[in-house]
Amino acid sequence: MPKQLARRWLAGFGVVGALIAVSAIPAFAAPAADDLDFYARDVVVAPGGPAKGSNLFARTRTSTMEWGEYTVKVDRSKVAGFADVRNDGSTDSCTESGAILTCKVVAEENDYYTYMTMVNLVVRAKKSATPDQQGDIKFTVTDGDGGSATYHSSVSIGEGVDLAGIEQGLQLTGVLGGTLDVPLTVANRGEKAVHSVVLFFEGGYGLGPSKRYKNCEYSPADSFRHAFACRFPNTIAPGGAARLDSSFGFTVPTDDPAPNGHTGVAHWYTPADWEESQSFNPARLGQQGTEGELRLEPVGLQSRSRQTDVNDQNGTTVMRLQVSGDQGAEVAALGTPATATGKVGATVPLKVGYVNNGPAAVNVDGAKDLRARTVLSLPTGVTAVRVPMTCSSYGDWVPGKLGAKEYRCGENRRLAQGEKIEYEFELRLDEAGARAAQVRLTFDTGVDLNPANDSATITIIASADGGSENPGGDDGQGGGDTDGSLPITGAKAGLTAGIGGVLLAAGAAGFVVARRRKTRFVA
């Protein structure tokens, strides 16, 4: 019996969050092994240091299939001489034969997410291991029809060091447009010199970098959070420390909502540990700075073996910024064209969304952030035949689902004053007559300064003889009659209802929350 397919967003792992959307059309076959994309973390471990996880994840390239049964063979022969690689203990049903670990993986009943955990491993360096030994773990995944695919992740031995952030917690205060001097210092608390470090920062919109340095990489300008990574060729002796030069700091954006609160986290990595973190969950960076070079003082240059931090819990600095002021934002619903016409059977384009009328930015990270979502309610007599993947059917929350009557659209993209976000639909006209589509804004956080323009109406006219292709109308922004009722001529008579209180009652409770996929293993 066909099962209901429920497609979900996939959240990114690690600091920089993340989302993967997939299409939603019915199908009832499990994906073959060679139709899957695989991911596993490359790890660097040190003798006497902590063990690390290296889990194999699989993701479907489309969401048109159900999960099936798979066999995963883990070949550890290339790393057996210097590392122990074992099942993490979450299941005892995997079997071992020499260097080969074999697990049977079965998806849970009614589990239709786009990714799953195939196998969970723990990697630990042997006491006899030496720095720079390296090898691959080979994963072979076989499906129920005998098809197979392989994936490799690496295990490296590093020299154990201990980087620590001196400032474990910073309480900051600022004003709109104000600059903050933030002293960040890294110390070497280990017994071996540290050769080269990487500083990674991620924080709320209020913690904007004052300068963009040549030795740092930054998140895109439209990100709703700030992130950057800076590389330093310093050698820090045991017991020594180095501090960022005095040019470093943060500037509160002038369009930050206020009063507001932001949190940021800075973490110090060895280069090898930074590469490891990026092998599985890369930060969304890519913009190289141009404003000089950020320095750690003092600076030394040497080249040494790969190193890994054996205590990564003390390398983090948490910052909390409180911004004073009084500044909010107001957004207005958009629906274009104001009137859409065509013959029965034709398709018409539709754009819905909202514009930020400012003065504060929206969809940023902070306690006072105004975060808007667009709800589109369609009348009977029309069918959505093109739906953006950033829009989910209301109630079952399937991204891109065709034929639903209500959609909720949203994405984590910052909008400055004057900028807008629009979602493009196409509707098939199924019945003759005039009817109304409703656009409505809802808010996850914050308060809109002008709720009067948080809705818009789009008139949809379908005629047997074609009628006028575009009789005109206003630009579809905000205000107006939003009860969804229009007189209908011809054989069809009556009124179409608006979305009313149903959406208000639903609120944010139905929003999709991504979770780690559950699996069960059988021997």
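The structure presented is a predicted model; accordingly, all values stated were derived computationally and were not measured.
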Side chain of [X], backbone of [Y]: donor and acceptor closer than 3.5 Å?
X	Y	value
N215	L294	yes
S393	K401	no
E291	R212	yes
E293	Y213	no
S97	I100	no
R189	A164	no

Beyond-backbone contact of [X] with [Y], side-chain heavy atoms, under 4.5 angstrom:
X	Y	value
L321	T173	no
L184	L170	yes
E275	D42	no

| query | Minimum heavy-atom separation for A125 to P47, with atom names? | reply | CB-N, 3.7 Å

| field | Between R371 and N412: side-chain donor-acceptor atoms closer than 3.5 Å | value | yes

| said: Checking S210 against T251: is there a side-chain donor and acceptor pair closer than 3.5 Å? | reply: yes

| task | Assign the ring pair F228 / F250 to parallel, tilted or perpendicular, where the plane angle (0 to 90°) is split at 30° and 60°. | result | tilted

| Looking at Y205 versus H226, is the centre-to-centre ring distance below 6.0 Å? | yes

| query | Among Q287, E202, R414, R284, which residue meets the side chain to side chain donor-acceptor pair (under 3.5 Å) test with S223? | reply | R284

| request: For the pair D444 and R408, find out whether any cationic side-chain nitrogen is under 4.0 Å from an anionic carboxylate oxygen. | output: yes

| Electrostatic pair R41:E276 at N-O distance under 4.0 angstrom | yes

| Does K78 NZ have over 12 foreign heavy atoms under 6.0 Å away? | no

